[in-house]
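To start, the structure under review is shown below, and the notes come after it.
Treat the numbers as computed from the prediction; the structure is a model and nothing was measured.
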Amino acid sequence: MRIGVLTGGGDCPGLNAVIRAVVRKGVKEYGYEFVGFRDGWKGPLEGLTMELTLATTRGILPRGGTILGSSRTNPFKIENGVEKIKENLAKAGIDALIAIGGEDTLGVATKLDALGVKVIGVPKTIDNDLNNTDYTFGFDTSVNIAMEAIDRLHTTAESHHRALVVEVMGRHAGWIALHSGIAGGAACILIPEVKFSVDKVCEWVESRFKSGFAPIIVIAEGAIPQDGDMQTKDQTLDAFGHVKLSGIGEWLSAQIEAKTGKEARTSVLGHIQRGGTPSAFDRVLATRFGLHAITAVHEGDFGKMVALHGTTIARVPLASATEKLKTVPVEMYKESEIFFG
Ligand code: F6P
């Protein structure tokens, strides 16, 4: 069989570990050939390919990003997009496709599966917001990056007796903020799932200063104040209708300074959270996802996504991964409130 592989959506550390595992097992155990499609769904749409062999996937385990490239191309927004994809898959002699991506990439895969394309999904996103999998790879690395930044910000905040607001990614789910805030000893954690009170944040800020330490406030880019709105960079939308979130951290800093008289600064971690080498957890999870994805192809179990359930790699219907966003349960968020202030 000839198998196509693509990586779509926001990149993250671990993508290359998936590719390496898929190719290694596919070639050595099943005798398969592989074709790499470039830049997400743009690859099948425009017939953009690259060689994917044991040789071209050696040494990529620790490398961040994706050797295939990625994009936020939505074929369902392109005229005759599905037909073009089917033609290019046939032209390349592709028997099945492995799509590695988040809600947008796997949403496209789900639709293509329903239209007869043989596809297996692999869940990827630093946001950890895909349904029906306990974790996605990329998440652990981004939490560690954010935690290391928070550890560093504690010392400069304390030196200058400042409140430091750390804005982290996660779009409309607060998993990165919650985990990095707990791990980093934040004075409060603000997530999209729970609208926040600026006055309450200022109380926590004052309380942390009174304890002799400087407050670090970890806020998710999609967090929303009770008497305000989500902050976006502009009104543009990407091909999947997403806004560009940006600005809530600066907005909160200004509020803190105005209401408490204390100096406040903001650090927006942005794409640093998506860069560099994957953590050990992500390398192992991504590798296991890749091994099980190519086995699912071998068994003809299409229309499925590999998923982590506990410590087991399961196969779940692709549609279940994107039928809703996996957000932080409020009761889990409330566990951490004891540390606020
Ligand atoms: O989905 C992953 C993610 O990093 C989100 O956390 C973030 O809001 C978005 O992608 C940024 O998208 P882009 O890299 O296209 O600016």
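Annotation: side chain of Ile19 is in contact with side chain of Ile100 (closest heavy-atom distance under 4.5 Å). Counting heavy atoms from C-beta on, the side chains of Val23 and Thr53 never come closer than 4.5 Å. At a threshold of 4.5 Å between non-hydrogen side-chain atoms, the residues Arg58 and Arg20 do not count as touching. Looking at heavy atoms from C-beta onward, Phe196 lies in side-chain contact with Ile219 at the 4.5 angstrom threshold. Contact annotation: the side chain of Leu61 approaches that of Thr287 to within less than 4.5 Å [non-hydrogen atoms, C-beta and beyond]. A heavy-atom distance below 4.5 Å is found between the side chains of Gln273 and Val168.
Of the possible polar contacts, one joining the Lys77 side chain to the Ala239 backbone as a donor-acceptor pair under 3.5 Å is found. A donor-acceptor distance shorter than 3.5 angstrom exists from the side chain of Arg38 to the backbone of Leu68, with no hydrogens or angles considered. Side-chain atoms of Lys326 come within 3.5 Å of backbone atoms of Thr133 as a donor-acceptor pair (strictly under, hydrogens ignored). Using a distance-only test at 3.5 Å, with no hydrogens or angles considered, no donor-acceptor pair links the side chain of Arg283 to the main chain of Ala17. Side chain of Thr105 to backbone of Gly40: no donor-acceptor contact under 3.5 angstrom is found. With hydrogens and angles ignored, the 3.5 Å screen pairs no side-chain donor or acceptor of Lys86 with any backbone N or O of Gly116. Here the side chain of Gln231 pairs no donor or acceptor atom with the backbone of Ile248 at under 3.5 angstrom.
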With side-chain contact (heavy atoms from CB on, under 4.5 Å) as the test, would you mind laying out the steps for Val268 and Ser246 before giving the verdict? CA-CA 9 Å; Val268 179; Ser246 168; over 6 Å; no
Go through the steps to decide whether Glu33 and Ile3 satisfy the test side-chain contact (heavy atoms from CB on, under 4.5 Å), and finish with yes or no. CA-CA 6 Å; Glu33 291 178 344; Ile3 314 298; over 6 Å; no
Go through Asp39 and Ser70 one step at a time and tell me if the side-chain contact (heavy atoms from CB on, under 4.5 Å) criterion holds. CA-CA 4 Å; Asp39 301 339; Ser70 189; 5.8 Å; no
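Rounding to the nearest 0.5 Å gives a distance of 11.5 Å between CZ of Arg162 and CG of Leu153. Rounded to the nearest 0.5 angstrom, Arg208 CZ and Phe339 CZ are separated by 10.0 Å. Interatomic distance, Glu103 CD to Thr110 OG1, rounded to the nearest 0.5 Å: 11.5 Å.
Partners of Glu203 according to the side chain to side chain donor-acceptor pair (under 3.5 Å) rule, which considers only residues two or more places apart in sequence or in another chain, are Lys200. With sequence neighbours excluded, the residues forming a side chain to side chain donor-acceptor pair (under 3.5 Å) with Arg274 are Asp11, listed by chain and number. Every residue meeting the side chain to side chain donor-acceptor pair (under 3.5 Å) condition with Asp104, not counting sequence neighbours, appears here in chain and number order: His242. Under the side chain to side chain donor-acceptor pair (under 3.5 Å) criterion, His160 pairs with no residue at all, not counting sequence neighbours.
Sorted by first and then second residue, the ring pair (Phe, Tyr, Trp, His ring centres under 6.0 Å) pairs with a member in residues 90-145 read Tyr135-Phe139, Tyr135-Phe281, Phe139-His179; sequence neighbours excluded.
Nearest approach of Asn132 to Ser320, heavy atoms of both residues: ND2-OG, 2.9 Å.
Grouping the Ile, Leu, Val, Met, Phe, Trp and Tyr side chains by contacts below 4.5 angstrom, directly or via other members, places Leu325 apart from Tyr333. Cluster annotation: Phe340 is connected to Phe209 through the hydrophobic network of ILVMFWY side chains, with a link wherever side-chain heavy atoms come within less than 4.5 Å. In this structure, Trp175 is not a member of the same hydrophobic cluster as Met147, with clusters built from ILVMFWY side-chain heavy atoms closer than 4.5 Å.
Checked by atom type, the side-chain pair Lys25/Thr295 shows a donor-acceptor distance below 3.5 Å. Side-chain contact check for Thr125 and Thr136: no donor-acceptor pair (N or O, by modelled atom type) lies under 3.5 Å.
Counting heavy atoms of neighbouring residues, nucleotides and ligands inside a 6.0 Å radius, atom CZ of Arg152 does not exceed 12 of them. The environment of Lys118 atom NZ is sparse: at most 12 non-hydrogen atoms of other residues, nucleotides or ligands sit within 6.0 angstrom. In the displayed structure, Asp234 atom CG is contacted under 6.0 Å by more than 12 heavy atoms of other residues, nucleotides or ligands.
Under a 4.0 Å N-O distance rule, the pair Lys84/Glu87 does not qualify as a salt bridge. A salt bridge links Asp199 and Lys259; the closest N-O separation between the charged side-chain nitrogens and carboxylate oxygens is under 4.0 Å. Ion pairing of Lys233 with Glu221 is absent here, as no side-chain N (NZ or NE/NH1/NH2) approaches a carboxylate O to less than 4.0 Å. Under the 4.0 Å criterion applied to side-chain N and carboxylate O atoms, Arg315 and Glu299 are assigned as salt-bridge partners.
Residue Leu318 is found in a hydrophobic cluster whose other members, listed by chain and number, are Leu6, Val35, Phe37, Trp41, Leu45, Phe76, Ile78, Val82, Ile85, Leu89, Ile94, Leu97, Leu106, Val108, Leu112, Leu115, Val117, Val119, Leu130, Phe240, Met305, Val316; membership requires side-chain heavy atoms under 4.5 Å apart, directly or through intermediates.
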